[in-house]
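Everything below concerns the one structure shown next.
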Amino acid sequence: MSDNYLQPGLPQPAMREGLDLPYWAAAREEKLVCQQCQDCQHWQWGPEFICFRCHSHDVAFKEIAATGTIYSFERVWHPVHPALKEQGAYLVVLVELPQCDSARMVGNLLGDPHQEVEIGAEVRGVFEHHDDGEPPYTLVQWEVV
Amino acid sequence: MQRTLKGKVVVAGVGETPYYKRGEAPDAEFDLALKAILAACENAGISPREVDGFSSFSNDRNDASHLAAALGIDYLRFANMQWGGGGGGGSGAIANAAAAIATGTAECVVVFRSLAQGQFGRFGQGPKIPQVSGDGALTLPYGLMSPAQSFAMKVKRFMYENGVEQSALRALSLASYHHAQSNPRAVMYGRPLDEKKYDESRWIVEPFHLYDCCLENDGAAAIVLVSAERAKDFDHKPCYLLSAASGSHHRAGASAHNAPLYATSGFPDLAPHLYEMAGVTPSDVDVLQCYENFTGGVLMSMVEHGFCEPDECNEFFIKENLIAEGGKLPTNTSGGNLAECYMHGLGLNIEAVRQIWGESTSQIADPNVSMVVSGPMVTPVSSCIFGSENTL
């Protein structure tokens, strides 16, 4: 029985290359980062090559507080991947980050999958390590404060 | 110079293969495309060799040049693919074809979509890959992977913001299944749905029950478009294109669910252009075909096209308002994607034409304005409006 929220076997982050690599590297060190334009100082998510506001290429991953609010959520019942055949219901949550120009991040909401979920509730990030991943990786999950 | 598609193009003919459950088509996908195109040409009463353009969407696998070769077309003048997945490009493909005809780039364009999921795999499943980078890495490891899962949080947020109840989604499903019972082509013909059966059906992902989700089917559909100068050359009464529009709102394609306007089906920017080109208002629309990937998308689309205020959904979305027999706005009169067939929505465009022609299995009395909404919640989305001769 895995300690992780979802059963093993889902696609995992590649951790090799690409725009999202610094995010995954930071998560391994239990740091949550978001992309910030170093020219206009605005935040954006997911990662892009340029700032969508000022078109600067000087965008960097900066550490942020792993706190936010639930913007929306869903309780999934029907498995669409073999790894989830025995999973049962699970919660996906969309977390809004007020400290990052209201950028949003996707994760799972830890705890009872049948819990009543309140949009607007405060949540904090939980670093879920998958040390047996190939290569090892860390997901940023969320729990209600 | 007035720039418009209004009245420039007519529908010459429509065609479909039989609609099959997913994976059960006896023919190859390319052959399904050929059969639908040949049927549409026969319906129009024109030779397939007259076709000089193809327009499709959603990365249809059936290449225009290969179709032209198989059909022995002399000169292929227009080969067009609308970007974007799902059914968001259905009416967009009609817009592109109509633009080609209106500008003299082509004379006779077939809009088509062909799907054989047995041959090429299903939509409603997550990708079975060990690793993912980029956008997918931000969602797939959390079990957020199918279309239903990708859209449920938008609908949940819309329902939260506007106090929409589950019964509003249910009404859309009941209407589609109601109309399918009159349509022998429908996959769900002879399989009616009532409130109890809906309520007791399993959750796929909240807020979608099984019956809130579209079918997955094999088959093909095609529509032949020509210049309005030829409107009187066909057996059907003229069905004009009044307008067609496609597009995406600000950062609709931002990854990891970051579109600033999130609780939307994607039509707030598009709808005003659609109505302006057609010269009609929502109250002029006699009958609507509104793409059901999931009922929540239909609901948001109808709000965003001006048929209902966001805070009036619970009163507006009742079955009685949506059915052909006396409904305020008869919707999805063939059974649509929920109960007729999921042909990435092109069947909805065909049904809209049939309403103008007077050939629907749930026919409205003398409709003049017949509208289609394609692919809510994907990006880009599209819509189009067909009209009778009275609307010009």
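Protein chains get the first letters and strands the later ones, always in sequence-line order, with residue 1 at the start of each.
In summary, the aromatic rings of B:H209 and B:Y198 are positioned with their centroids under 6.0 Å apart. Not less than 6.0 angstrom separates the ring centroid of A:H114 from the ring centroid of B:W203. Between A:Y5 and A:W142, the distance from one ring center to the other does not fall under 6.0 angstrom.
Contacts with chain A were tallied for B:V155, B:T139, B:I204, B:L140; B:I204 has the most, counting heavy-atom pairs under 4.5 Å. Of the listed residues (A:M15, A:R104, A:E96), the greatest number of heavy-atom pairs within a distance under 4.5 Å of chain B belongs to A:R104. Interface check for chain A: of the options B:G136, B:G143, B:S146, the most heavy-atom pairs under 4.5 Å are formed by B:G143.
For chain B, no part of A:L19 is nearby; none of its heavy atoms comes within less than 4.5 Å. Residue A:Y90 touches chain B through its side chain alone, counting heavy-atom pairs closer than 4.5 Å. Contact of B:H250 with chain A is made through the side chain alone, with heavy-atom distances under 4.5 Å. In this structure, chain A has a heavy atom under 4.5 Å from the backbone of B:P260, while its side chain stays farther away. Only the backbone of A:E134 has a heavy atom closer than 4.5 Å to any heavy atom of chain B.
Relative to the ring axis of A:Y137, A:R28 does not place its NZ or CZ within 45° and under 6.0 Å from the centre. The cationic atom of B:R157 (NZ for Lys, CZ for Arg) does not lie both less than 6.0 Å from the six-membered ring centre of B:Y262 and within 45° of the ring axis.
Relative orientation of the A:W45 and A:Y23 rings is tilted, given thresholds of 30° and 60° on the angle between their planes.
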